[in-house]
Amino acid sequence: MKIAAIVGSPRGMRSRTRKLAGLVLAGAESAGAGVDLIDLADLQIVPCTACESCSLDGTCVFADDFAAAYDRMLDADGLVLASPVYVDNVSGQMKVFIDRLADAIHYQTLAGKYGCSLATTQVSGGDAVVGYLNHALNYLGVAAVGGMSVALDDGPEAIDRAEPAARDLGRRLVRALGDRPRYPDQEAEMAENRDYFAGIVRANRDWRPDEYERWVREGWIRDE
Ligand SMILES: Cc1cc2nc3c(=O)[nH]c(=O)nc-3n(C[C@H](O)[C@H](O)[C@H](O)COP(=O)(O)O)c2cc1C
């Protein structure tokens, strides 16, 4: 069982968001999971240009670091999305990464995993960013077990004080992978999204027959 955390701060080892994600992963590790920290600060990932090539065969025209990061997400059972708050939103690095997941969203390649989200902020916007990141997880077909944000203005020890809750969140994520809890509200939203994405999968059936057949097998599309 593996948990992968994607950290969207550009500050590398100095990042408080990375530190918070590390605490969540430490909690997951203590519950028996393997962990993988994907720091976007280490990667070169260019923005989506809406060329729509990926919709034809699932591959991007850009040969950058996205594919390797995505493979690490596919390899994980649980996902953590973590971003600093930038002008009341996720960082540009995190948003570029999420946009590059558009094909994963349309084809629901990560569906069935569980996840959680994290944000750090100076003062405000943390809870809204956690809400957005959990919404992005739902778009991917990933059920969110929770999330947390930390405001650095709460004092120099703010991240350290958050440690017990962060470790607990990591343990909760690992538990969810065994217990597979149900979240009716999220499931209704994910089912509605899938009904929409089914139109894309059906339209591209000739180009991506394996995906079409996977959707039929999953019961997300009726074979016609
Ligand atoms: C471009 C930019 C925009 C920011 N916008 C906000 C903001 O809207 N509200 C806020 O409270 N803090 C804001 N901050 C502060 C960061 O959210 C905060 O320092 C964050 O914890 C940094 O995380 P990191 O150490 O992981 O990079 C901003 C920082 C930067 C660099």
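Both ligands and their constituent atoms are indexed starting at 1 by order of listing. Because the structure is predicted, anything quoted here is derived from the model rather than measured.
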TODO: Kindly write out the residues that satisfy ring-ring contact (aromatic ring centres under 6.0 Å, His included) with Tyr212, not counting sequence neighbours, or none if the list is empty.
DONE: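 Counting only residues at least two positions away or on another chain, Tyr212 forms no ring-ring contact (aromatic ring centres under 6.0 Å, His included).
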Starting from [atom], locate the nearest protein heavy atom and write down its residue, its atom name and how far away it is, to 0.1 Å.
atom	answer
atom 31 (C) of ligand 1	Tyr86 CE1, 3.6 Å
atom 10 (C) of ligand 1	Thr121 OG1, 3.1 Å
atom 25 (O) of ligand 1	Arg16 NE, 2.7 Å
atom 14 (N) of ligand 1	Val85 O, 3.3 Å
atom 18 (C) of ligand 1	Gln122 N, 3.7 Å

- [ ] Applying side chain to side chain contact (heavy atoms under 4.5 Å, CB included), run through Leu101 and Phe66 and close with a yes or a no.
- [x] CA-CA 9 Å; Leu101 288 166; Phe66 172 78; 3.8 Å; yes
Per-atom contacts of ligand 1 with [X], taking only distances under 4.0 Å to non-hydrogen atoms:
X	result
Pro84	20 (C), 22 (C), 23 (O)
Arg11	24 (P), 25 (O), 27 (O)
Ser9	24 (P), 26 (O), 27 (O)
Ser124	9 (N), 10 (C), 11 (O)
Asp88	8 (O)
Val123	10 (C), 11 (O)

Open item on the list: Could you check whether any side-chain heavy atom of Leu23 comes within less than 4.5 Å of a side-chain heavy atom of Leu25, counting everything from C-beta outward?
Closed with: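 No, their side chains stay 4.5 Å or more apart.
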- [ ] For residues Ile38 and Tyr70, determine if any side-chain heavy atom of one lies less than 4.5 Å from a side-chain heavy atom of the other.
- [x]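 Ile38 vs Tyr70: side chains apart.
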Just checking, is any N or O donor in the side chain of [X] or [Y] under 3.5 Å from an acceptor N or O on the other one?
X	Y	value
Asn204	Tyr107	yes
Asp64	Gln44	no
Gln122	Asp153	yes

Open item on the list: If you take the nearest heavy atom of each of Thr17, Thr120, Asn89, Val150, which one is closest to atom 21 (O) of ligand 1?
Closed with: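 Comparing heavy atoms across Thr17, Thr120, Asn89, Val150, the nearest one to atom 21 (O) of ligand 1 lies in Thr120.
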Between [X] and ligand 1, is there a nitrogen or oxygen pair with a distance under 3.5 Å?
X	result
Leu152	no
Arg14	no
Val87	yes
Arg18	no

Task: Tyr114 and its side chain to side chain contact (heavy atoms under 4.5 Å, CB included) partner, picked from Leu79, Leu173, Ile3 - done: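 Single side chain to side chain contact (heavy atoms under 4.5 Å, CB included) partner of Tyr114 among Leu79, Leu173, Ile3: Leu173.
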